[in-house]
Engineer: 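Quick one: the structure is below, questions incoming.
Index from 1, following the sequence.
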Amino acid sequence: MITAAKIKENPQIRTYVEAADATLKEMGYTEHSFAHVTRVAHVAEKILADLGYPARLCELAWIAGYMHDIGNVINRIDHAQSGAVMAFRILDKLGMPADEIAVICSAIGNHDESTAYPVNEVAAALILADKTDVRRTRVRTKDRDLFDIHDRVNYSVEKASTRFLPEQKEILLELTIDTEISPVPDYFEIFMDRMLLCRKAAKRLGLNFRLEINGQKIL
């Protein structure tokens, strides 16, 4: 069985994660390194585990989350599809069964908001985990004079959590932001498409998606 531990230790996958992040750094994007992919992997796995899905499906969500951005090593454009093809080749060579590869590749190929759709439970969990990773430590420069709007929005986040609320049947993204660094409308200018995609993903899992900023319900 191809486990999460084997994926995390695989030198080829680690190289692609590092190279993809280096590519995005050169292009001026926020952090997409091991911190990002590991967080996405854990959150995607936890979402499905909290909902009672089988342990192996939860592990497939972890694997999809960990590998989801490797396509950036080729190009940012269509990186979800490139990453899915790369993941197929890697996982096939490792001997993962075709039905599991299909789930993972479908999820990776459907995580970017320009083309994404929650085609299965793993894809839905991956979307929610990826699009809710907003945090100060993703900003590469601390020189605020060099910030673009993406940097300002991420840097303004003082606290963020993505939680499953079973009684309300909701996924809640709860943010505390410094509005002097970035006002709330800036957040929506950057993230509205992502939040609407999160709503679709939550619906695929039989849930609602809710966004709260500074204690106020926004979505």
Engineer: Less than 4.5 Å apart, any side-chain heavy atom of Asp193 and any of Leu197?
Structural biologist: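 Answer no - side chains too far apart.
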Engineer: Has the side chain of Lys131 got a donor or acceptor atom that lies under 3.5 Å from a matching backbone atom of His111?
Structural biologist: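 Answer holds: yes.
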Engineer: Please answer: with hydrophobic residues joined when any side-chain heavy atoms are less than 4.5 Å apart, are Ile127 and Val40 in the same cluster?
Structural biologist: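 No; Val40 is not reachable from Ile127 via cluster members.
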Engineer: Kindly determine whether Arg138 and Asp151 satisfy side-chain contact (heavy atoms from CB on, under 4.5 Å), including the steps that lead there.
Structural biologist: CA-CA 8 Å; Arg138 295 196 71 183; Asp151 294 326; over 6 Å; no
Engineer: Side-chain contact, heavy-atom cut-off 4.5 Å: Leu173 with Met195?
Structural biologist: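 A side-chain contact under 4.5 Å exists here.
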Engineer: Group every Ile, Leu, Val, Met, Phe, Trp and Tyr by side-chain heavy-atom contacts under 4.5 Å, then state whether Ile213 and Leu128 land in the same group.
Structural biologist: yes
Engineer: Same cluster for Val184 and Ile181 if Ile/Leu/Val/Met/Phe/Trp/Tyr side chains link at under 4.5 Å?
Structural biologist: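 Cluster IDs for Val184 and Ile181 differ.
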Engineer: Between the side chain of Ser156 and the main-chain N/O of Val153, is any donor-acceptor distance below 3.5 Å?
Structural biologist: yes
Engineer: Hey, does the side chain of Asn72 reach the backbone of Asp69 with a donor-acceptor pair shorter than 3.5 angstrom?
Structural biologist: yes
Engineer: Give a yes or no on this: more than 12 heavy atoms of other residues, nucleotides or ligands lie within 6.0 Å of atom CD1 of Ile77.
Structural biologist: no
Engineer: If only atom types and distance count, is the side chain of Asp186 paired as donor or acceptor with the main-chain N or O of Ile149 below 3.5 Å?
Structural biologist: no
Engineer: What verdict does the side-chain contact (heavy atoms from CB on, under 4.5 Å) test give for Thr162 and Arg39, after you've listed the backbone C-alpha separation in whole Å, the side-chain angles of each residue and the deciding distance to 0.1 Å?
Structural biologist: CA-CA 11 Å; Thr162 304; Arg39 181 191 183 279; 3.6 Å; yes
Engineer: Say whether, by atom type as modelled, one donor and one acceptor occur between the side chain of Asp92 and the main chain of Phe88 under 3.5 angstrom.
Structural biologist: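 No, the answer is negative, given that no donor and acceptor are paired below the 3.5 Å cut-off.
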Engineer: Can His79 and His68 be said to form a ring pair (Phe, Tyr, Trp, His ring centres under 6.0 Å), step by step?
Structural biologist: CA-CA 9 Å; His79 76 280; His68 80 281; 7.8 Å; no
Engineer: Going through the checks in order, is the side-chain contact (heavy atoms from CB on, under 4.5 Å) test met by Leu205 and Glu121?
Structural biologist: CA-CA 7 Å; Leu205 297 173; Glu121 294 90 347; 4.0 Å; yes
Engineer: For residues His32 and Lys25, determine if any side-chain heavy atom of one lies less than 4.5 Å from a side-chain heavy atom of the other.
Structural biologist: no
Engineer: If I compare all heavy atoms of Ala61 with all of Leu48, which pair ends up nearest, and what's the gap?
Structural biologist: CB-CD1, 3.8 Å
Engineer: Counting only heavy atoms not in Lys93 (residues, nucleotides, ligands), do more than 12 fall under 6.0 Å from its NZ?
Structural biologist: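 Counting neighbours around NZ of Lys93, 12 or fewer heavy atoms of other residues, nucleotides or ligands fall under 6.0 Å, so no.
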Engineer: Salt bridge (charged side-chain N to carboxylate O under 4.0 Å, His left out) for Lys217 and Glu212? Distances and angles first, verdict last.
Structural biologist: CA-CA 4 Å; Lys217 182 178 178 180; Glu212 286 188 3; over 6 Å; no
Engineer: Is it true that, when you exclude Tyr53 itself, more than 12 heavy atoms of the residues, nucleotides or ligands shown sit nearer than 6.0 Å to its OH?
Structural biologist: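 Enclosed: over 12 neighbouring heavy atoms sit under 6.0 Å from OH of Tyr53.
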Engineer: Quick check with a 6.0 Å cut-off and a 45 degree axis cone: is Arg144 positioned over the face of Tyr155's six-membered ring?
Structural biologist: no
Engineer: Checking the side chain of Thr3 only, and the main-chain atoms of Lys6 only, is there a donor and an acceptor separated by less than 3.5 Å?
Structural biologist: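 Indeed, once roles are kept as given, a pair shorter than 3.5 Å links the two residues.
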Engineer: Can any side-chain N or O of Glu59 pair as donor or acceptor with the backbone N or O of Ala4 at less than 3.5 Å?
Structural biologist: yes
Engineer: Would you call the rings of Trp62 and Tyr66 parallel, tilted or perpendicular if under 30° counts as parallel and over 60° as perpendicular?
Structural biologist: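 Rings of Trp62 and Tyr66: parallel, as their planes differ by under 30°.
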Engineer: Would Tyr187 and Leu172 show up in the same hydrophobic cluster when neighbours are defined by side-chain heavy atoms closer than 4.5 Å?
Structural biologist: no
Engineer: Count the heavy atoms of every other residue, nucleotide or ligand shown that sit under 6.0 Å from CZ of Arg89, and state whether that count exceeds 12.
Structural biologist: no
Engineer: Could Arg140 and Glu31 be called an ion pair, given the rule that one side-chain N must be under 4.0 Å from one carboxylate O?
Structural biologist: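 Not counted as a salt bridge, because no side-chain N and carboxylate O are separated by less than 4.0 Å.
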Engineer: Looking at every non-hydrogen atom in both residues, tell me the closest pair between Ala107 and Ala64 and how far apart they are.
Structural biologist: CB-CB, 4.3 Å
Engineer: Please determine which of Asp112, Thr115, Asn110 meets the side chain to side chain donor-acceptor pair (under 3.5 Å) test together with Gln81.
Structural biologist: Thr115
Engineer: Please step through side-chain contact (heavy atoms from CB on, under 4.5 Å) for the pair Ile13 and Ile7, ending with a clear verdict.
Structural biologist: CA-CA 7 Å; Ile13 295 171; Ile7 294 297; 3.8 Å; yes
Engineer: Is a salt bridge present between Glu170 and Arg210, judged by a nitrogen-to-oxygen distance below 4.0 Å?
Structural biologist: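 Counted as a salt bridge, because a side-chain N and a carboxylate O are separated by less than 4.0 Å.
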Engineer: Which of these, Leu207, Leu51, Thr132, sits in a side chain to side chain contact (heavy atoms under 4.5 Å, CB included) with Ile171?
Structural biologist: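 Testing each of Leu207, Leu51, Thr132 against Ile171, the sole residue satisfying side chain to side chain contact (heavy atoms under 4.5 Å, CB included) is Leu207.
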Engineer: Hydrophobic clustering (ILVMFWY, side-chain heavy atoms < 4.5 Å, transitive) - are Met96 and Met67 grouped together?
Structural biologist: yes
Engineer: Could you check whether any side-chain heavy atom of Phe34 comes within less than 4.5 Å of a side-chain heavy atom of Arg14, counting everything from C-beta outward?
Structural biologist: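 Sidechains of Arg14 and Phe34: in contact.
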Engineer: Looking at side-chain heavy atoms only, is the closest gap between Phe191 and Leu219 below 4.5 Å?
Structural biologist: no
Engineer: Using the rule given for side-chain hydrogen bond (donor to acceptor under 3.5 Å, both in side chains), can you reason through His36 versus Asp21, listing the C-alpha separation, both sets of side-chain angles and the distance that settles it, and then say yes or no?
Structural biologist: CA-CA 10 Å; His36 172 63; Asp21 183 54; over 6 Å; no
Engineer: Ion pair present between Asp133 and Arg135, side-chain N to carboxylate O less than 4.0 angstrom?
Structural biologist: yes
